[in-house]
Chemist: 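So that we are looking at the same thing, I have put the structure below in structure tokens.
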Amino acid sequence: RIDYYISGITRGAKGQGTIGIRIDNLRLLFAEWQDNMDPINFVLGHGLAKSREAMFYLSAQMRFSTGRLVQTAHNSYIEFLYDFGLAAFLYFSVYAVLVWTYIKTLRMKFNDEIPRYMAASGLVLVLFVLLYGMTDGIKVPFQISQFGIHGFMTGLIHYYMQKENNFTRV
């Protein structure tokens, strides 16, 4: 079974493997988004889960060529852009703030290394989520869990910052 996945990578997007289908789905949903563009949809999007509805409809039209029905483009960025328009950037701006906070913490010197370990772990989690979002849809339970983890880590970092109250920049 592993040869199926490896051949999908080595063949590129030419075959009917999962990579080719994902790229086709991404192109279809992006074209659908561009075709139905107006100023309101550009700013506010088409509505909650409308990308999944559009993707299911588009895959039904392609079913004879791929043999598969899908309801996701396997890319969180295009799905959020389709559903929420430019307002989706508010969601992703949280990640920019987290990256900035973690990098700022990594540049500080503490008596205890726990805040720096927390910042490094948080940065790895943010990068994982951002990369994962390019290949699959980020599910709500995962989003809630990872933001809870970030809240815990940043809270712990701030606790140590106040505890020491005499940290210095490196």
Side-chain angles (χ1 to χ4, degrees), residues 18-19 21-56 58 70-170:
T18 182
I19 294 171
I21 292 171
R22 286 180 186 221
I23 290 172
D24 290 343
N25 290 344
L26 185 61
R27 285 184 187 143
L28 283 170
L29 188 61
F30 193 73
E32 173 77 11
W33 177 70
Q34 287 178 322
D35 291 344
N36 294 311
M37 183 64 63
D38 63 30
I40 292 178
N41 287 343
F42 181 71
V43 174
L44 298 176
H46 294 276
L48 183 62
K50 290 295 183 181
S51 63
R52 291 178 180 260
E53 184 180 312
M55 197 66 248
F56 189 78
L58 292 169
V70 295
Q71 67 176 26
T72 180
H74 294 289
N75 186 304
S76 293
Y77 305 113
I78 189 68
E79 289 179 3
F80 273 58
L81 187 63
Y82 190 93
D83 292 345
F84 306 113
L86 289 181
F89 287 106
L90 293 174
Y91 172 81
F92 290 108
S93 68
V94 172
Y95 290 108
V97 170
L98 285 169
V99 167
W100 180 75
T101 301
Y102 291 140
I103 289 175
K104 185 175 79 168
T105 303
L106 285 171
R107 298 192 64 199
M108 295 178 181
K109 186 170 178 105
F110 296 93
N111 293 330
D112 196 343
E113 288 296 313
I114 290 177
R116 294 185 71 178
Y117 291 143
M118 286 292 174
S121 300
L123 192 58
V124 167
L125 180 59
V126 168
L127 295 176
F128 168 76
V129 169
L130 293 176
L131 288 173
Y132 182 75
M134 292 171 36
T135 61
D136 202 358
I138 302 173
K139 309 296 186 270
V140 173
F142 178 75
Q143 291 176 14
I144 293 169
S145 301
Q146 61 108 7
F147 279 125
I149 292 169
H150 287 301
F152 173 75
M153 286 195 276
T154 55
L156 195 60
I157 289 168
H158 288 289
Y159 167 77
Y160 275 95
M161 288 171 80
Q162 289 188 356
K163 180 180 168 189
E164 292 190 13
N165 203 14
N166 59 354
F167 55 90
T168 56
R169 294 197 184 271
V170 181

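Residue numbers count from 1 along this sequence.
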Chemist: Between L26 and Y77, is the side chain to side chain contact (heavy atoms under 4.5 Å, CB included) condition met? List the steps.
Modeler: CA-CA 10 Å; L26 185 61; Y77 305 113; over 6 Å; no

Chemist: Could you go step by step and tell me if M161 and M108 meet the side chain to side chain contact (heavy atoms under 4.5 Å, CB included) rule?
Modeler: CA-CA 10 Å; M161 288 171 80; M108 295 178 181; 3.8 Å; yes

Chemist: Given the rule in the side chain to side chain contact (heavy atoms under 4.5 Å, CB included) test, do I78 and S51 qualify, once you have shown the distances and angles that lead to the verdict?
Modeler: CA-CA 8 Å; I78 189 68; S51 63; over 6 Å; no

Chemist: Applying the side chain to side chain contact (heavy atoms under 4.5 Å, CB included) criterion to I157, which one of R116, Q162, M118 satisfies it?
Modeler: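 That would be M118.
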
Chemist: More than 12 heavy atoms of other residues, nucleotides or ligands under 6.0 Å from CE of M37: is that the case?
Modeler: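 Check passes, neighbour count above 12.
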
Chemist: Considering residues, nucleotides and ligands other than I40, do more than 12 of their heavy atoms fall under 6.0 Å from its CD1?
Modeler: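 No, CD1 of I40 has 12 or fewer neighbouring heavy atoms, counting only those of other groups under 6.0 Å.
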
Chemist: List in chain and number order the residues that pass side-chain contact (heavy atoms from CB on, under 4.5 Å) with V97, two or more places apart in sequence or in another chain; answer none if no residue qualifies.
Modeler: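 With neighbours one apart ignored, the set is T101.
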
Chemist: Can you find a pair of side-chain heavy atoms, one from F84 and one from L90, that are under 4.5 Å apart?
Modeler: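 The answer is no, as the side chains (C-beta and beyond) never meet within the 4.5 Å cut-off.
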
Chemist: Once side chain to side chain donor-acceptor pair (under 3.5 Å) is applied, do any residues pair with Y95, and if so which ones, sequence neighbours excluded?
Modeler: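 Result, side chain to side chain donor-acceptor pair (under 3.5 Å) vs Y95: Y91, Q146.
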
Chemist: Which pair of heavy atoms, one from H74 and one from E79, lies closest together, and at what distance?
Modeler: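 Between these two residues, the closest heavy atoms are N-OE2, 3.6 Å.
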
Chemist: Calculate, to the nearest 0.5 Å, the distance between atoms OH and CG belonging to Y82 and N36 respectively.
Modeler: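 Answer rounded to 0.5 Å: 5.5 Å.
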
Chemist: Would the distance check show the side chain of D83 and the main-chain N or O of L48 forming a donor-acceptor pair, the cut-off being under 3.5 Å?
Modeler: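 Not at all, since once roles are kept as given, no pair shorter than 3.5 Å links the two residues.
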
Chemist: Heavy-atom distance under 4.5 Å between the side chains of L98 and T154, does that happen here?
Modeler: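 They are in side-chain contact.
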
Chemist: Within a radius of less than 6.0 Å around CZ of F92, do more than 12 heavy atoms belonging to other residues, nucleotides or ligands occur?
Modeler: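 Yes - once you tally the heavy atoms of other residues, nucleotides and ligands closer than 6.0 Å, there are more than 12.
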
Chemist: Find the distance between CG (L156) and NZ (K163) and round it off to the nearest 0.5 Å.
Modeler: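 Output value for this atom pair is 9.5 Å.
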
Chemist: Over 60° means perpendicular and under 30° means parallel, so classify the ring planes of Y132 and F128, tilted if in between.
Modeler: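 F128 vs Y132 ring planes: parallel.
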
Chemist: If you look at every heavy atom in A88 and L81, which pair is closest and at what distance?
Modeler: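 Scanning both residues, the minimum pair turns out to be CB-N, 4.3 Å.
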
Chemist: Which pair of non-hydrogen atoms, one from S121 and one from M153, has the smallest distance, and what is that distance?
Modeler: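 Here S121 and M153 meet closest at CB-SD, 4.1 Å.
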
Chemist: What's the shortest heavy-atom distance between Y160 and P115, and which atoms?
Modeler: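 Closest heavy-atom pair between Y160 and P115: CB-CG, 3.3 Å.
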
Chemist: Show the nearest heavy-atom pair for residues H150 and Y102, with the distance to one decimal.
Modeler: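 Of all heavy-atom pairs spanning H150 and Y102, the closest is ND1-OH, 2.8 Å.
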
Chemist: Which heavy atom in V94 sits nearest to a heavy atom in F147, and how many Å separate them?
Modeler: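 Minimum heavy-atom separation between V94 and F147: CG1-CE2, 3.6 Å.
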
Chemist: Might you confirm whether atom CZ of F42 has over 12 heavy atoms from other residues, nucleotides or ligands at distances under 6.0 Å?
Modeler: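 Not more than 12 within 6.0 Å, no.
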
